[in-house]
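Okay, so here's the structure we're looking at.
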Number of protein chains: 2
Amino acid sequence: MLEFAILGLLQQSPMHGYELRKELASVLGGLRSISYGSLYPALKRLQAAGLIASEDPVPRALLPADAPALTGRRGKVVYAITAEGKERFADLVSQTGPEAYDDEGRFGVHLAFFRHTAADVRLRILEGRRRTVERQRDRLMDSLRRTQEKLDRYTLELQRHGLDSVDREVRWLTELIDSERDDARAEAARADEPPTGTAPPNDVTT
Amino acid sequence: MLEFAILGLLQQSPMHGYELRKELASVLGGLRSISYGSLYPALKRLQAAGLIASEDPVPRALLPADAPALTGRRGKVVYAITAEGKERFADLVSQTGPEAYDDEGRFGVHLAFFRHTAADVRLRILEGRRRTVERQRDRLMDSLRRTQEKLDRYTLELQRHGLDSVDREVRWLTELIDSERDDARAEAARADEPPTGTAPPNDVTT
DNA sequence: GATCGATGTATCGGGACGATACATCCGGTC
DNA sequence: GACCGGATGTATCGTCCCGATACATCGATC
């Protein structure tokens, strides 16, 4: 998942670790960010797999031969995606199976790179996610109905709030899906035939 | 956090791992449950610290000496809380600092055991949690306002949904807090003086 | 001109998780 | 009455993530 996000970000342009971390935070939803303890090992894995390459474009030119020893070696390391990396990213982006939406984080990453995703794939991922969340909601509703007598007030409140939250997510996904379908329909109509009756307004775009 | 939850559950009665896991799932909000890979190491840590004790009340009586060797050793292991464990739990339950509410999971556990918690401590925890979530909301609103031009539609939607979610949590907490305050006021009124004017309805309770 | 905070790369230990192995018991089924 | 599958049950392993930390440089503020 992290690897996926990194490949996606490097798609645009090379970056160094610090930048990557900041961008990653906004991709992951604005709240929880990623730690260096996750980031650097992930970069190493990607590099070992040949999906990204690192270069050191700031050769620090100065300083005599007695460099501050081992760990010292500032000068920012820039990571760039390779051809293989681009292939791999294209594969990942076009996945429509459960691995694309069962995990919340993974789904978020897919959403973040939807502009690289074909319209039909987008729709399948959104629908898959909705199915997953609906199942969660139903399970929760069920367990709540079965156990509500035995729970104290606070636990009950917690469950109710959780249920409400999941329910809202379903509705949110439904809105997204409907708007995707509208787009697809508009697209089809535009390709099929220019509307009769009402004149199409000055359509300059494209 | 896991340790906290285990101590809380064993407060009621001894349990074995499998039961513990199921109860834990409902404590943690109905959705995400805990894996054995987390549970058993946690039980070992608690046992090493002397906070719980394990007994094997099913001596399997049968089977000749040639037991199926090493790993074999069925007969469920029951875990019970010790006196030290009860002390530790009482300490944990009365914490009102950031450690009680900064982490979502930890806050959930506190909420799950609110019936063991004094009214003033409950209020402080709820208010602390609200402060934390409000800060999250404000940060998110800020970053959304600053970056909304550069984000594509889907990322924007994701952020908006996240923001809505956090905002709802604040409102939910406010409801809980208000109802706690009402309870406290009613309590105080009952202790202080019977109301004049309107006659108190037949108050049989307590 | 010195300190402070942002930027920057990197590692370490602790802990959580999914997967898996192993073992028992209970119900139904032919 | 033999068998089988699924729920119950204990436990470990490898992989990965995270918070904390170390080290290093730069710009700005006072």
Side-chain angles (χ1 to χ4, degrees), chain A residues 1-6 14-25 28 31-49 52 54-63 66-79 98-99 102-106, chain B residues 1-6 14-25 28 31-49 54-63 66-79 98-99 102-106 109:
Chain A
M1 186 225 79
L2 223 192
E3 276 92 338
F4 185 2
I6 292 173
M15 289 186 190
H16 48 211
Y18 195 88
E19 282 179 284
L20 229 25
R21 186 181 184 240
K22 281 195 304 184
E23 294 298 320
L24 238 25
L28 263 84
L31 295 179
R32 47 196 138 271
S33 94
I34 214 67
S35 78
Y36 292 125
S38 312
L39 178 59
Y40 285 108
L43 288 172
K44 280 196 175 173
R45 284 196 298 274
L46 286 169
Q47 204 171 350
I52 66 172
S54 71
E55 329 161 37
D56 197 316
V58 179
R60 73 199 297 245
L62 326 169
L63 278 277
D66 62 345
L70 320 101
T71 37
R73 199 188 134 288
R74 288 295 85 90
K76 50 185 77 172
V77 180
V78 173
Y79 298 91
E99 70 278 3
D102 265 7
D103 174 70
E104 178 171 353
R106 184 68 178 265
Chain B
M1 187 226 79
L2 223 193
E3 275 92 338
F4 185 4
I6 293 173
M15 290 187 189
H16 48 215
Y18 195 86
E19 282 179 285
L20 229 24
R21 186 180 184 242
K22 281 195 305 184
E23 295 296 321
L24 239 24
L28 262 83
L31 296 179
R32 48 196 138 269
S33 99
I34 214 67
S35 77
Y36 292 126
S38 311
L39 178 59
Y40 284 107
L43 288 172
K44 280 197 175 172
R45 284 196 299 274
L46 286 169
Q47 205 171 351
S54 71
E55 330 160 37
D56 197 318
V58 180
R60 74 199 297 246
L62 326 167
L63 279 277
D66 62 344
L70 321 100
T71 36
R73 199 189 134 289
R74 287 295 85 88
K76 51 184 75 170
V77 179
V78 173
Y79 298 91
E99 70 278 4
D102 265 6
D103 174 70
E104 178 170 354
R106 184 68 176 266
V109 174

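No hydrogens, no waters, no symmetry mates; every other heavy atom, side chains included, goes into these values. All chains are named by letter (A, B, ...) in the order of the sequence lines, taking the proteins before the strands, and each is independently numbered beginning at 1.
- The interatomic distance linking A:Asp103 (CG) with C:dC17 (P) rounds to 13 Å, in whole Å.
- Distance A:Arg21 CZ to D:dC18 C1': 11 Å, rounded to the nearest Å.
- Because its NZ or CZ atom is both nearer than 6.0 Å to the ring centre of A:Tyr36 and within 45° of the ring axis, A:Arg21 counts as a cation-pi partner of that residue.
- Counting only heavy atoms from C-beta on, A:Lys44 has its side chain closest to C:dT11 among C:dT7, D:dA11, C:dT11.
- Note: B:Ile6 CD1 to B:Leu43 CG = 4.5 Å, rounded to the nearest 0.5 Å.
- Once rounded to the nearest 0.5 Å, the distance linking CD1 of A:Ile34 with OH of A:Tyr40 reads 13.0 Å.
- Separating the CD atom of A:Gln47 from the C1' atom of C:dT9 is a distance of 13 Å, rounded to the nearest angstrom.
- Nearest nucleotide to the A:Val77 side chain, out of D:dT8, C:dA10, C:dG18: C:dA10.
- Heavy atoms of A:Gly37 sit under 4.0 angstrom from at least one base atom.
- Atom pair A:Tyr40:OH and C:dG13:P shows a separation of 20 Å (rounding to whole Å applied).
- Smallest separation of non-hydrogen atoms from A:Val77 and A:His16: O-CB, 2.9 Å.
- For the pair A:Met1 CE and C:dC17 C1', the computed distance is 15 Å after rounding to whole Å.
- With distances taken from any side-chain atom of A:Tyr36 to the nucleotides C:dA10, C:dA16, D:dT10, the minimum falls on C:dA10.
- In this structure B:Ser35 satisfies the side chain to side chain contact (heavy atoms under 4.5 Å, CB included) test together with B:Ser38, sequence neighbours excluded.
- Distance from the side chain of A:Tyr79 is smallest to C:dA10 among D:dG19, D:dT10, C:dA10.
- Within the nucleic acid shown, B:Leu2 has no heavy atom closer than 4.0 Å to any nucleic acid atom.
- Atoms CG (A:Leu20) and C1' (C:dT7) sit 15 Å apart, rounded to a whole Å.
- Of the listed nucleotides (D:dC17, D:dA11, C:dT9), C:dT9 has the atom at the smallest distance from the side chain of A:His16.
- As a whole-Å value, the separation of A:Phe4 CZ from D:dC16 P is 17 Å.
- Within the 4.0 angstrom heavy-atom criterion, only backbone atoms of the sugar-phosphate kind lie near B:Arg45; the bases stay farther away.
- To the nearest angstrom, P of C:dA23 lies 18 Å from OH of B:Tyr18.
- Residue B:Ser35 has no polar side-chain atom (N or O) positioned under 4.0 Å from OP1 or OP2 of C:dA16.
- Nearest nucleotide to the B:Lys22 side chain, out of D:dT12, D:dT8, C:dT7: D:dT8.
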